[in-house]
**Student:** 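One structure follows; several queries about it will come next.
Throughout, a chain's letter reflects where its sequence line sits, starting with A, and its residues are numbered from 1.
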2 protein chains.
Amino acid sequence: MERTIGKFNPQPKHAAGEVTISCESCLVRDQALCGKLNVDELIAINQISRRRRLKAGQRITLDDEAPEYFGIVLSGSVKLTKVLPDGRQQIVGLLFPSDFVGRPFEQQAGCHAEAATDVNLCAFPAGPFERLARDYPAIQHQLFRFALSQLSAAQDWMLLLGRKTAREKVISLLLMFAGRLSETGCAAGKTSNRLEFALPLSRSDIADYLGLTLETVSRQFRVLKSEELIRLHGSRGVTILDLDRLRASFSHPTA
Amino acid sequence: MERTIGKFNPQPKHAAGEVTISCESCLVRDQALCGKLNVDELIAINQISRRRRLKAGQRITLDDEAPEYFGIVLSGSVKLTKVLPDGRQQIVGLLFPSDFVGRPFEQQAGCHAEAATDVNLCAFPAGPFERLARDYPAIQHQLFRFALSQLSAAQDWMLLLGRKTAREKVISLLLMFAGRLSETGCAAGKTSNRLEFALPLSRSDIADYLGLTLETVSRQFRVLKSEELIRLHGSRGVTILDLDRLRASFSHPTA
DNA sequence: TGCATCCCTTGATCAAAATCAACCTGCCGC
DNA sequence: GCGGCAGGTTGATTTTGATCAAGGGATGCA
């Protein structure tokens, strides 16, 4: 389903550290919600978009404040976390390129959002974006569908958190990364069964994502390595040596 | 923000076991998504709605099939579960009166939905409802907002599943029930600090909701009972004797 | 070059919750 | 009233992953 944007010339509006971008050259457009919009809607959304660069660790929103902007991840990953009063924390969502960041029409962000790696964002100021969503039902429709896919992912993760063992959690995480990172072109896959990529999270973040301690995560990586299922390079690099065998040894080591 | 439906006479269409209902007498309308619709939208939605009664345990959808209808819970509770190939299962959502059941525009339901108790549903056939959602942006808007609130609840639950202790999980569950059941009028609260209600789930379902075993759930109930925080009547009846003290003894028993 | 820091790994021990196993209890049909 | 059964409780034991503790390796800076 090919689409052309046609000719349009959004008036460039410049502000400190921000540049007007054009959807024409956008690499994630087809996978993002913009990919399903028509030319008018795309022009409208392009008019209010500003590129934003975030360094790893940079906060986007606090859980109890209304965010000033929403956005679509162009590169890198954004993590969403919830924290208990005593400091225990849980990563409740991880956003990859083409994912939408933020909750239009909600008063509170609901969780802390921060850049897990360096991030490029196609950002939309909250107010104008909400107006656009109201004016163009197609935008609202795409937002709804994205919310449903996020809900579905959250429910899969609940099954993981509530019922899977440490080994199964780590393998599920690797397979999830393999899926998301290869579809967004962030993985260097040799064959269909072998895949190399950089983990977007530290050991401690992985622990907070899986509901484990970082020691347990580290040990499980070591176990998978000793089974020749994965290879580790430095602290962030991973190679899945055999995706099928990794899936097969989900619950128990395979001979 | 008062609303009136005005006069309208939907043509009654009868089918086996189904009756046309009127939104005028609907008890959950104000809290459900219908509460935010205008007269035209309400009439349109009323035209396609059929009341449906489900007995406890009755299946609504399987996770890999497209549901034939969506609905709004009028009474009772609906549980959403995910299952691992070996049978381990996790309840990933619980729907109360005024909540919307189903995922419009998705090909698969994503999880098993079944009546946890006897349920009354205001049901909408899938196709016509999706057409309505496309025709009336306000309906889509309400669906979107409901999806966001579900997402938020799911994320709170992820924090519970990943980071809370058994005691904290059980207390969180009781407080969640207290909130949802009292706002939907299903609890007999004596004072603001004391609340009595029937658990909508069996011990084993509670275990599947909290990511625990049923033995652990049973033991935690017993502990809370011995601390005089709750009282148990039969297997489903609970009285929270002091909501504040229950909240305060979240992590550790209070003297 | 050396020191400090951050992140990760590894080992020893501990504890929370799972598992295994009876045993109640209330409810149903007969 | 009696047997059977589902759901719930209780106890003994085991296990998984947490906790406590120490050490390693990369990176940055003086």
Side-chain angles (χ1 to χ4, degrees), chain A residues 55-57 79 84 86-90 116-117 160-174 198-227 230-238 250-253, chain B residues 55-57 79 84 86-91 116-117 160-173 198-227 230-238 250-253:
Chain A
K55 276 169 287 183
K79 62 178 181 184
L84 245 22
D86 66 1
R88 281 174 288 174
Q89 62 172 50
Q90 175 69 41
T117 61
L160 175 145
L161 290 170
R163 292 302 182 204
K164 293 185 185 175
T165 64
R167 178 191 179 87
E168 292 168 341
K169 285 178 175 180
V170 170
I171 292 180
S172 297
L173 182 88
L174 289 171
L199 293 167
L201 298 177
S202 69
R203 292 287 182 276
S204 139
D205 278 344
I206 291 175
D208 284 341
Y209 199 16
L210 298 178
L212 298 170
T213 57
L214 77 177
E215 293 97 327
T216 299
V217 171
S218 181
R219 277 186 255 263
Q220 290 299 329
F221 272 121
R222 249 34 241 318
V223 170
L224 297 181
K225 183 182 168 171
S226 77
E227 290 173 32
I230 60 170
R231 202 160 283 167
L232 299 167
H233 332 90
S235 66
R236 295 294 184 105
V238 191
F250 181 64
S251 294
H252 303 290
Chain B
K55 276 169 288 183
K79 63 178 181 182
L84 246 21
D86 65 1
R88 280 174 287 174
Q89 62 173 51
Q90 175 70 41
I91 294 184
T117 61
L160 175 144
L161 291 170
R163 292 301 183 204
K164 293 185 185 175
T165 64
R167 178 191 179 89
E168 292 168 341
K169 285 178 176 181
V170 169
I171 292 180
S172 298
L173 182 87
L199 294 167
L201 298 177
S202 68
R203 293 287 183 278
S204 138
D205 277 344
I206 291 175
D208 285 342
Y209 200 14
L210 298 177
L212 298 171
T213 58
L214 78 178
E215 292 97 328
T216 300
V217 171
S218 180
R219 278 185 255 265
Q220 290 300 328
F221 271 121
R222 249 32 240 320
V223 171
L224 297 181
K225 183 183 168 170
S226 77
E227 291 173 32
I230 61 170
R231 201 160 285 167
L232 300 167
H233 332 89
S235 66
R236 295 295 184 102
V238 190
F250 181 64
S251 294
H252 304 291

**Student:** Where is the tightest heavy-atom contact between A/Ala116 and A/Pro200, given as atom of each residue plus distance?
**Tutor:** CB-O, 3.8 Å
**Student:** Over how many whole Å does the gap from B/Arg203 atom CZ to C/dG26 atom P extend?
**Tutor:** 14 Å
**Student:** Examine distances only and state if a side-chain atom of B/Gln90 and a backbone atom of B/Tyr209 form a donor-acceptor pair shorter than 3.5 Å.
**Tutor:** yes
**Student:** Among B/Ile91, B/Val217, B/Leu199, B/Leu210, exactly one meets side chain to side chain contact (heavy atoms under 4.5 Å, CB included) together with B/Asp205. Which residue is that?
**Tutor:** B/Ile91
**Student:** Show the nearest heavy-atom pair for residues B/Leu201 and B/Lys79, with the distance to one decimal.
**Tutor:** CD2-CD, 4.4 Å
**Student:** Who are the side-chain hydrogen bond (donor to acceptor under 3.5 Å, both in side chains) partners of A/Thr216, not counting sequence neighbours?
**Tutor:** A/Thr213
**Student:** Which is the 5'-most and which the 3'-most nucleotide of DNA chain D that has an atom under 4.0 Å from a heavy atom of chain A?
**Tutor:** D/dG17 to D/dC20
**Student:** Estimate the overall bend of the helix from C/dT1-D/dA30 to C/dC30-D/dG1 from the end axes over five pairs each, rounded to 10 degrees.
**Tutor:** 30°
**Student:** For a quick test of reading the model, state the closest non-hydrogen atom pair linking A/Leu160 to A/Ser172 and the distance between them.
**Tutor:** CD1-CB, 3.5 Å
**Student:** Mind checking what makes side chain to side chain contact (heavy atoms under 4.5 Å, CB included) contact with A/His233, not counting sequence neighbours?
**Tutor:** A/Glu196, A/Arg231, A/Thr239
**Student:** List the residues meeting salt bridge (charged side-chain N to carboxylate O under 4.0 Å, His left out) with B/Arg88, not counting sequence neighbours, and say none if there are none.
**Tutor:** A/Glu168, B/Asp86
**Student:** Rounded to whole angstrom units, what separation is found between the CG atom of A/Leu214 and the P atom of C/dC7?
**Tutor:** 10 Å
**Student:** Near DNA chain D, which residues from residues 230-238 of chain A have a heavy atom under 4.0 Å away?
**Tutor:** none
**Student:** Would you tabulate the side-chain donor-acceptor contacts of residues 218-227 of chain B under 3.5 Å, counting partners in other chains and residues two or more places apart, or write 'none'?
**Tutor:**
from, atom 1, to, atom 2, distance (Å)
B/Ser226, OG, B/Val223, O, 2.7
B/Glu227, OE1, B/Arg167, NH2, 2.8
B/Glu227, OE2, B/Arg167, NH1, 2.9

**Student:** By salt bridge (charged side-chain N to carboxylate O under 4.0 Å, His left out), which residues pair with A/Arg163, not counting sequence neighbours?
**Tutor:** B/Asp208
**Student:** Distances for protein N/O vs nucleotides 17-19 of chain C N/O pairs under 3.5 angstrom?
**Tutor:**
from, atom 1, to, atom 2, distance (Å)
C/dA17, OP1, B/Ala166, N, 2.7
C/dA18, OP1, B/Thr213, N, 3.4
C/dA18, OP2, B/Thr213, N, 3.3
C/dA18, OP2, B/Thr213, OG1, 3.0
C/dA18, OP2, B/Thr216, OG1, 2.4
C/dT19, O4, B/Arg219, NH2, 3.0

**Student:** Drop me the distance from A/Ile171's CD1 to A/Ile230's CD1, to the nearest 0.5 angstrom.
**Tutor:** 9.0 Å
**Student:** Using salt bridge (charged side-chain N to carboxylate O under 4.0 Å, His left out) as the criterion, list what pairs up with B/Lys164, not counting sequence neighbours.
**Tutor:** none
